[in-house]
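Heads up, the thing below is written out as structure tokens.
In this chain, residues are counted from 1 in sequence order.
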Amino acid sequence: MKRLLPIVAALALLSTPAFAQNAAQVDRAQNGASCPRCNLFQADFNNRELKGKNFAGARLRQSDMGLGIFNGTTFAGGDLRDINGSGALFGHVSFAGTNLTNANFVGAYLEHANFRGAILDGVNFSGAEMATATGLTQRQLDRTCGDETTELPRGLRIPRCQSR
């Protein structure tokens with residue numbers, strides 16, 4: 001029985017959600033407040049207008065930002081892994097140093113977006129407008145995918161997404 005107690009305690013810890021979203025922070029952010037370093041895990045920003053906000057260092061992992069308007073917002077240094085940003089407007093945003101692993105930017109507007117030092121592994125940029133994006137390197141783009149309609153800065157290319 002004494003040996004079983006640590007195992008049961010460990011299983012209980014593993015079953016509790018780690019880093020769950022902060023509901024109060026999500027509510028404030030959904031209503032237009034800046035929220036730097038907030039925990040907005042899996043927040044629903046679908047079709048929201050949040051222009052010129054500060055989400056630097058925030059955790060927005062798995063958030064739905066589809067069809068939203070985020071022009072002029074900073075996400076610098078944030079955790080935006082697995083977000084849905086399809087069809088959203090991200091003009092003049094900062095993704096500098098942001099982890100965007102497996103993000104979906106299908107059909108997104110990313111003109112003048114800053115990607116300096118961003119992690120872009122597995123990002124889908126199919127149909128994205130990003131010809132004036134800054135801070136992008138070929139090495140970053142080699143780990144992403146797009147299609148024939150993806151607009152890139154001059155001299156850069158993107159691998160084609162594979163259909164599954």
Side-chain angles (χ1 to χ4, degrees), residues 12-137 140-141 143-147 149-153 158 161:
L13 283 174
L14 290 174
S15 65
T16 58
F19 306 114
Q21 68 178 211
N22 182 314
Q25 291 175 344
V26 170
D27 187 55
R28 285 195 312 268
Q30 286 174 330
N31 287 303
S34 287
C35 206
R37 295 175 301 286
C38 287
N39 188 349
L40 308 172
F41 177 67
Q42 294 182 333
D44 183 1
F45 295 108
N46 189 315
N47 209 23
R48 303 237 181 202
E49 185 172 327
L50 298 170
K51 297 191 287 189
K53 303 301 176 200
N54 181 359
F55 291 109
R59 183 173 189 247
L60 288 122
R61 186 172 185 190
Q62 296 178 2
S63 291
D64 186 355
M65 304 169 89
L67 302 174
I69 302 172
F70 304 96
N71 296 331
T73 295
T74 182
F75 299 99
D79 179 358
L80 277 72
R81 290 175 288 165
D82 306 303
I83 64 155
N84 173 31
S86 62
L89 304 179
F90 294 100
H92 295 274
V93 301
S94 177
F95 292 121
T98 300
N99 188 342
L100 292 161
T101 300
N102 296 324
N104 172 9
F105 286 116
V106 173
Y109 180 85
L110 296 155
E111 296 295 355
H112 301 285
N114 178 359
F115 289 97
R116 190 166 319 285
I119 299 169
L120 302 178
D121 298 357
V123 174
N124 186 339
F125 287 116
S126 295
E129 295 177 47
M130 50 197 291
T132 58
T134 61
L136 280 171
T137 66
Q140 284 172 304
L141 288 176
R143 302 177 71 87
T144 69
C145 72
D147 64 11
T149 64
T150 305
E151 297 177 18
L152 295 170
I158 195 164
C161 293

Spacing of Met130 atom CE and Phe105 atom CZ [to the nearest 0.5 Å]: 8.5 Å

Closest contact, heavy atoms only, Leu80 versus Ile83: O-CG2, 3.2 Å

Flag side-chain contact, heavy atom, 4.5 Å: Arg143 against Leu120: no

Euclidean distance, Gln62 CD relative to Asn84 CG, rounded to 0.5 Å: 11.5 Å

Heavy-atom donor-acceptor pair, Glu151 side chain to Ala131 backbone, under 3.5 Å: no

Backbone of Asn54 reached by a side-chain donor or acceptor of Thr73 within 3.5 Å: no

Pairwise distance CD(Glu49) to CG(Asn71) - rounded to 0.5 angstrom: 8.5 Å

Main-chain N/O of Ala76 paired with Ser94 side-chain donor or acceptor, under 3.5 Å: no

Under 3.5 Å donor-acceptor, Lys53 side chain and Gly32 backbone: yes

Asn46 (side chain) donor-acceptor with Leu67 (main chain) under 3.5 angstrom: no

Phe75 and Leu100: CA distance, side-chain angles, deciding distance, side chain to side chain contact (heavy atoms under 4.5 Å, CB included) verdict: CA-CA 10 Å; Phe75 299 99; Leu100 292 161; over 6 Å; no

Exam field: side chain Glu111 to backbone Gly91, donor-acceptor pair closer than 3.5 Å: no

Point-to-point distance, once rounded to the nearest 0.5 Å, from CG of Leu60 to CZ of Arg81: 11.5 Å

Thr101 side, atom OG1; Asp82 side, atom CG - distance, nearest 0.5 Å: 7.5 Å

Candidate list Phe55, Phe70, Phe90, test ring pair (Phe, Tyr, Trp, His ring centres under 6.0 Å), partner Phe95, passing option: Phe90

Gln21 backbone acceptor or donor facing Gln42 side chain under 3.5 Å: no

Residues forming a side chain to side chain contact (heavy atoms under 4.5 Å, CB included) with Asn124, sequence neighbours excluded: Val106, Ser126, Cys145, Cys161

Any donor-acceptor N/O pair, Asp147 side chain to Gly127 backbone, under 3.5 Å: yes

For Ala43, all residues meeting side chain to side chain contact (heavy atoms under 4.5 Å, CB included), sequence neighbours excluded: Val26, Leu40, Phe45, Ser63

Ile69 side, atom CD1; Arg48 side, atom CZ - distance, nearest 0.5 Å: 12.5 Å

Heavy-atom side-chain contact between Arg59 and Asp79 under 4.5 Å: yes

